Enquirer: 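Sending over a structure as structure tokens; questions will come in a sec.
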Amino acid sequence: MPERGHFHLRGLRRSSLTPRVRFAPSPTGYFHVGSARTSLFNWLYARQHGGTFVLRIEDTDAERGREEWLEGIITAMAWLGLEADEGPFRQSSFEPRHRELADKLYESGYLYACDCTRDAIDERTKDRKTPGYDGYCRDRGVARSATTGLRFRTPDAGETVVHDIIRGDVSFPHEAMEDFMAVKSSGAPLFPLANMIDDREMEISHVIRGEDLLPTAPKQILMWQALNEIDRDLPLPSYAHLPMLVNEQRKKLSKRKDPVAVESYRDKGYLPQAFVNYLALLGWAPKGDEEMLTLDQLVEQFELSDVNHAPAFFDIAKMTHINGEYIRAMDVDEFIAASQPWMEPLADAWAPADHEIPWTPEQFDEDKWRAIAPMVQERITMLSEIPAMVDFLFLENPRFDEAAVTKVLVNDADAERILEQAIAAFTDAEFQAEALHGLLTSLSESMDLKLRKTQAPIRVALTGSSVGPPLFESMVILGRDEVLRRLNAALVVARG
RNA sequence: GGUCCCAUCGUCUAGCGGCCUAGGACGCCUCCCUUUCAAGGAGGUAGCACGGGUUCAAAUCCCGUUGGGACUGCCA
């Protein structure tokens with residue numbers, strides 16, 4: 001069923017309404033979670049309608065665009081599974097066309113030259129109720145020069161209506177619309193113009209972007225219509241403005257204060273499927289009660305017109321929970337493969353940033369890791385948590401948690417006899433989890449202690465921590481000799 | 001200040017006039033399971049911002065108020 005907004009495409013010669021959408025990020029050094037969501041929604045829309053997903057990098061800000069950042073965007077999108085059908089195109093490469101059309105708009109009178117400085121405008125308008133450009137140069141006939149920008153002559157009356165697939169019709173009265181700057185004094189168009197020209201040239205049918213761009217939509221529509229008069233006559237795209245992603249203060253996510261880099265979530269060990277799944281749940285919800293959805297299911301169920309209007313809080317706690325679910329849902333081999341970058345990163349493969357591995361490559365033991373992996377899998381929510389949980393298997397000596405040592409080895413009067421008896425019992429025990437379990441259980445009974453009490457000093461002695469994977473399984477993986485050696489070392493500590 | 005957007009549990013949301021005694025999920029709390037921690041199981045906590053209409057009937061429609069937010073640059 002065609003949703004609201006599709007009527008714009010009536011009479012269009014574009015082949016049978018197949019949509020062409022685009023994701024147009026500006027390169028800023030990392031991939032923003034908001035961009036990821038916008039990208040995802042565009043991709044989903046294209047996929048479910050058999051359309052085309054175009055990637056266009058808006059790199060016209062000379063100071064900002066850096067070569068390696070393009071790679072960052074593509075890498076992050078590939079990680080999320082959002083490959084573009086066309087592109088990446090660089091907006092900067094279309095600048096000749098931008099200038100050509102800007103000139104045409106100027107020659108046709110849609111744009112006029114303005115030599116006002118910001119200070120002069122502010123000075124003139126400081127006492128007015130309505131700040132913004134006052135139209136000073138509108139009819140002054142200022143000659144275009146290297147110091148004049150070009151402003152768009154907005155209509156005096158009437159209004160421009162943005163037909164938004166998500167929000168319905170949004171009207172902007174021209175009366176309140178200033179003659180905005182469209183072309184820099186350098187002759188290069190500003191974002192609203194350049195962005196719109198590219199959408200025309202690429203015959204984009206649906207502009208799906210953040211709500212922060214809703215106020216620029218009427219400007220772009222006005223200029224689009226102007227170009228329809230003097231250049232090609234092209235149908236307006238449909239618009240869909242996605243609600244903002246906000247922080248706990250309900251403000252737009254800030255690159256300064258909020259953790260917005262997609263790369264950092266990858267580094268922490270969020271799985272792309274989980275990340276995408278969570279992103280899809282921000283501003284949209286599936287029909288049923290099941291919210292764990294694969295990319296394929298999202299393509300099937302996603303509905304752009306059902307997207308919410310209100311801003312959504314980017315809740316890392318919920319995303320982390322979903323990530324844990326995905327981790328537990330993997331089979332062990334998948335889990336081991338996925339965790340490799342955090343365990344034994346390959347020399348020329350991707351490795352997480354800010355991640356320290358406590359053991360050396362020589363100390364790492366693949367067999368031990370495989371043996372304990374299933375138990376680790378159901379205890380973590382992020383892959384980066386793994387090393388701290390298994391390092392005792394690979395290190396010469398466990399990294400001791402001082403608080404735990406003090407509590408269960410030093411300050412606990414029972415620690416000494418528990419360790420002594422455990423050593424005696426384990427020395428010629430069958431080293432198998434069930435057997436060890438039974439052995440310590442009966443040993444506890446003979447000492448009139450709870451098993452939870454007797455396992456504590458042993459756990460700290462072997463792993464350095466009072467929390468961790470199941471103890472008896474860990475003992476088997478560690479082996480009798482090592483278990484006895486560590487218990488004896490702990491006994492020395494317990495005896496003070 | 002101006003223009004625009006928005007408003008259901010703390011959070012993400014379902015709900016599109018009667019099925020709502022407002023459903024699910026995260027979080028939080030309790031209990032069960034249990035060798036720690038998790039996981040899992042069973043419960044619980046908590047919401048229609050407010051005020052007017054319209055209607056036999058409103059979380060759902062309309063208006064207003066309040067409260068959030070975005071934009072307001074020769075950045076994109």
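Proteins come first, then strands; the chains are lettered A, B, ... in the order of their sequence lines, and each starts at number 1. A quick note: this is a predicted structure, and the numbers were derived from the prediction, not measured.
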Enquirer: Rounded to the nearest 0.5 Å, what separation is found between the CH2 atom of A/Trp224 and the OG1 atom of A/Thr160?
Expert: 14.5 Å
Enquirer: Could you check whether A/Asp199 pairs with A/Arg209 (Lys NZ or Arg NE/NH1/NH2 to Asp/Glu carboxylate O, under 4.0 Å)?
Expert: no
Enquirer: Between B/G18 and B/C61, how far apart are the two C1' atoms, rounded to whole Å?
Expert: 14 Å
Enquirer: Which nucleotide wins on minimum distance to the side chain of A/Glu291, given the candidates B/U35, B/A25, B/C74?
Expert: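 Between B/U35, B/A25, B/C74, the one nearest the side chain of A/Glu291 would be B/A25.
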Enquirer: With rounding to whole Å, what would you report as the distance between B/U66 and B/C20 at their P atoms?
Expert: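 Their P atoms lie roughly 36 Å apart.
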Enquirer: How long is the straight-line distance from OH of A/Tyr136 back to CD1 of A/Ile121, given to the nearest 0.5 Å?
Expert: 11.0 Å
Enquirer: With rounding to whole Å, what would you report as the distance between B/G47 and B/A59 at their C1' atoms?
Expert: 10 Å
Enquirer: Quick one: A/Asn247 CG to B/G10 P, roughly how many Å, whole number?
Expert: 18 Å
Enquirer: A/Asp119 CG to B/C74 P: how many Å, rounded?
Expert: 12 Å
Enquirer: What I want to find out is whether A/Glu100 reaches A/Arg97 closely enough, with some N-O distance under 4.0 Å, to be called a salt bridge.
Expert: yes
Enquirer: What distance, rounded to whole Å, do you find between the two C1' atoms, one in B/C28 and one in B/C75?
Expert: 43 Å
Enquirer: Strictly under 3.5 Å: I want the nitrogen or oxygen pairs between protein and nucleotides 39-46 of chain B, one per line.
Expert:
from, atom 1, to, atom 2, distance (Å)
B/A39, O4', A/Glu378, O, 3.4
B/A39, O3', A/Arg328, NH1, 3.2
B/G40, OP1, A/Arg328, NH1, 3.3

Enquirer: Is any side-chain heavy atom of A/Thr463 closer than 4.5 Å to a side-chain heavy atom of A/Pro398?
Expert: no
Enquirer: Tell me whether A/Lys407 is salt-bridged to A/Asp401, with the criterion being a basic N under 4.0 Å from an acidic carboxylate O.
Expert: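 Looking at A/Asp401 together with A/Lys407, the answer is no, because their closest N to O distance does not fall below 4.0 Å.
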Enquirer: Just to verify, what does A/Glu473 make a salt bridge (Lys or Arg N to Asp or Glu O under 4.0 Å) with, not counting sequence neighbours?
Expert: none
Enquirer: From C-beta outward on A/Lys318, which listed nucleotide comes closest to its side chain: B/C12, B/U3, B/C75?
Expert: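 The listed nucleotide nearest to A/Lys318's side chain is B/C12.
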Enquirer: Compare the minimum distances between each of B/C75, B/U72, B/C4 and the side chain of A/Phe172, then state the nucleotide with the smallest one.
Expert: B/C4
Enquirer: Please pick, from B/C12, B/U36, B/G73, the nucleotide with the shortest atom-to-atom distance to any side-chain atom of A/Gln455.
Expert: B/U36
Enquirer: Among residues 459-472 of chain A, which residues get a heavy atom nearer than 4.0 Å to RNA chain B?
Expert: A/Arg459, A/Ser466, A/Val467, A/Gly468, A/Pro469, A/Pro470, A/Leu471, A/Phe472
Enquirer: Where the side chain of A/Gln91 is concerned, which of B/C4, B/A76, B/G73 is the nearest nucleotide?
Expert: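 Comparing B/C4, B/A76, B/G73 against the side chain of A/Gln91, the answer is B/A76.
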Enquirer: Which is more 5' along RNA chain B, the nucleotide nearest A/Leu281 or the one nearest A/Met319? Just name the residue.
Expert: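 Residue closer to the 5' terminus by nearest nucleotide: A/Leu281.
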Enquirer: Whom does B/C56 pair with, Watson-Crick or G-U wobble, provided both distances fall under 3.5 Å?
Expert: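 Here B/C56 is engaged in a pair, and the nucleotide opposite it is B/G18.
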Enquirer: Which of the following nucleotides, B/A14, B/C12, B/G73, is nearest to the side chain of A/Ala285?
Expert: B/A14
Enquirer: With both distances kept under 3.5 Å, what pairs with B/C50, Watson-Crick or G-U wobble?
Expert: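 The answer is B/G64, by the H-bond criterion.
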Enquirer: When both hydrogen-bonding distances must be under 3.5 Å and the geometry is Watson-Crick or G-U wobble, what is B/C26 paired with, if anything?
Expert: B/G10
Enquirer: On RNA chain B, nearest-nucleotide positions of A/His437 versus A/Thr147: which is more 5'?
Expert: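 Its nearest nucleotide being more 5', the pick is A/His437.
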Enquirer: Which whole-number value in Å describes the distance from A/Ile221 CD1 to B/C4 C1'?
Expert: 13 Å
Enquirer: How would you list, by chain and number, every residue that makes a side-chain hydrogen bond (donor to acceptor under 3.5 Å, both in side chains) with A/Arg124, sequence neighbours excluded?
Expert: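 Applying side-chain hydrogen bond (donor to acceptor under 3.5 Å, both in side chains) to A/Arg124 gives A/Asp134.
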Enquirer: Rounded to the nearest 0.5 Å, how far does CD1 of A/Ile73 lie from CD1 of A/Ile57?
Expert: 4.0 Å
Enquirer: Among B/G2, B/U35, B/C6, find the nucleotide with the atom closest to the side chain of A/Arg167.
Expert: B/C6
Enquirer: Could you check whether A/Tyr270 and A/Thr320, counting side-chain N and O atoms only, form a donor-acceptor pair closer than 3.5 Å?
Expert: yes
Enquirer: In whole Å, what separates the C1' atom of B/G24 from that of B/C37?
Expert: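 28 Å, rounded to whole Å.
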Enquirer: Might you list the N or O atoms of the protein lying below 3.5 Å from N or O atoms in nucleotides 58-65 of chain B, with each pair's distance?
Expert:
none

Enquirer: Counting only Watson-Crick pairs (N1-N3 plus N6-O4 or O6-N4) and G-U wobbles (N1-O2, O6-N3), all under 3.5 Å, who is the partner of B/U34?
Expert: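 Paired with B/U34, as far as the under-3.5 Å criterion goes, is no nucleotide at all.
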Enquirer: Is there a side-chain contact between A/Leu222 and A/Tyr110 (heavy atoms, below 4.5 Å)?
Expert: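 No, too far: nothing below the 4.5 Å cut-off.
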Enquirer: Does a side-chain heavy-atom distance below 4.5 Å link A/Val183 with A/Arg144?
Expert: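 A side-chain contact under 4.5 Å exists here.
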Enquirer: Whether the A/His206 and A/Asn42 side chains hold a donor-acceptor pair (N or O, under 3.5 Å, no angle test) is what I'd like checked.
Expert: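 Looking only at side-chain atoms, A/Asn42 and A/His206 do not form any donor-acceptor pair under 3.5 Å.
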Enquirer: Between the side chains of A/Asp115 and A/Thr148, does any donor sit under 3.5 Å from an acceptor?
Expert: no
Enquirer: Could you work out which one of B/A7, B/U35, B/U11 sits closest to the side chain of A/Ala310?
Expert: B/A7
Enquirer: Using the side-chain heavy atoms of A/Phe313, tell me which of these nucleotides is nearest: B/C12, B/C4, B/C74.
Expert: B/C12
Enquirer: Please determine, for B/C71, whether a Watson-Crick or G-U wobble partner exists with both distances under 3.5 Å, and give it or none.
Expert: B/G2
Enquirer: Tell me whether the rings of A/Phe314 and A/Phe275 are parallel (<30°), tilted (30 to 60°) or perpendicular (>60°).
Expert: perpendicular
Enquirer: In whole Å, what separates the C1' atom of B/A7 from that of B/C48?
Expert: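 Those two atoms are separated by 10 Å.
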Enquirer: Please list, for nucleotides 67-71 of chain B, all pairs of protein and nucleotide N/O atoms separated by less than 3.5 Å.
Expert:
from, atom 1, to, atom 2, distance (Å)
B/G69, OP1, A/Lys251, NZ, 2.5
B/C71, OP1, A/Lys252, NZ, 2.6

Enquirer: Say we look at B/U30 and B/A46: how far apart would their P atoms be, to the nearest angstrom?
Expert: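 That atom pair is separated by 16 Å.
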Enquirer: Would you say A/Tyr265 and A/Asn323 are linked by a side-chain donor-acceptor pair, where the criterion is simply a distance under 3.5 Å?
Expert: no
Enquirer: Rounded to whole angstrom, note down the P distance from B/U72 over to B/A76.
Expert: 12 Å
